[in-house]
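Numbering of residues begins at 1 and proceeds along the displayed sequence. Counting convention: from 1, in listed order, for ligands and their atoms alike. It should be emphasised that the depicted structure is a prediction, and the values quoted were computed from it without experimental measurement.
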Amino acid sequence: MRTKLIAGNWKMHGSKPFIESLMKGMTEQLDANLKSGVLVCPPTIYIPLVESLIGSHKIALGGQNLSEQAQGAYTGEISGDMLKDSGCQYVIVGHSERRSLYGETDVLVAHKVGKAIESELTPILCVGETLEQREKGTTMQVVQQQLDAVIDTLGIDALKQVVVAYEPVWAIGTGVTASPEQAQEVHSAIRAHLRDKNAQIAEEIKILYGGSMKAANAEELLAQPDIDGGLIGGASLKADEFIAICKIAG
Ligand code: PEP
């Protein structure tokens with residue numbers, strides 16, 4: 001049985017006072033008996049601060065990006081080992097903002113997934129189509145290509161250590177959420193695609209939904225059989241909203 005994971009992607013938001021207040025709100029309201037995993041991915045520079053604010057609470061830490069290199073003369077980059085060393089267990093890889101604004105290709109994303117695994121981090125591999133691709137009817141083609149780049153580069157067994165996040169680009173930060181049916185359709189198609197390669201991996205892999213998830217729509221989305229949690233942007237910056245989603249996940 002897959003347990004759920006609720007992950008907050010804070011993107012490039014926050015300041016020390018904001019983060020102190022957000023984490024206070026979260027830790028005060030978080031139910032210690034929650035079965036679902038809870039994860040926050042702060043801007044890299046605040047990871048040590050967030051780690052200290054988490055204390056003994058059951059909240060995992062993740063990075064938002066990592067280098068495809070292990071170490072060396074790569075000014076401004078952060079390696080998987082550095083994230084691991086700083087208390088991270090997860091790292092978001094191939095977010096649509098990285099793909100569209102920073103030119104990350106499917107192959108580069110695959111190498112980043114490999115580096116995350118080498119550093120013993122769980123990569124959260126983001127996949128998803130643009131509105132144009134959805135309207136052209138190529139959603140599954142795009143998503144399969146993004147997944148296959150990882151499988152072709154690293155082998156199917158690498159997916160044992162990966163969480164997938166299906167994030168339709170048209171739903172990220174727009175307030176427009178995929179309907180539960182639209183999301184379930186893609187999640188189940190992702191699982192079917194993986195089943196062709198390895199039935200056990202397909203059954204066990206977590207597939208999160210991301211795209212304007214909030215407390216008001218989380219219940220319906222998280223009730224879908226192939227939705228194993230959420231990757232949450234905007235709503236993860238409000239303690240009450242984020243904790244409400246965690247409670248819905250159970
Ligand atoms: C995201 O950035 O991964 C995301 C899902 O953002 P939002 O929840 O704001 O749409």
query: Is it true that K4 and D228 make a salt bridge, defined as a side-chain N closer than 4.0 Å to a carboxylate O?
result: no
- prompt: Are E28 and K24 close enough for a salt bridge, meaning some N to O gap below 4.0 Å?
  reply: yes
- request: If a pair satisfies side-chain hydrogen bond (donor to acceptor under 3.5 Å, both in side chains) and one of its residues is in residues 34-56, list it, with sequence neighbours excluded.
  value: none
query: For ligand 1, what is the set of protein residues having any non-hydrogen atom at a distance below 4.0 Å?
result: N9, K11, H95, E167, A171, I172, G173, G210, G211, S212, L231, I232, G233, G234
message: Salt bridge or not between E203 and R2? Use side-chain N to carboxylate O under 4.0 Å.
response: yes
- request: Determine whether the side chains of Q29 and D240 contain a donor N or O and an acceptor N or O closer than 3.5 Å.
  value: yes
query: V38 versus F242: any side-chain heavy-atom pair under 4.5 Å?
result: yes
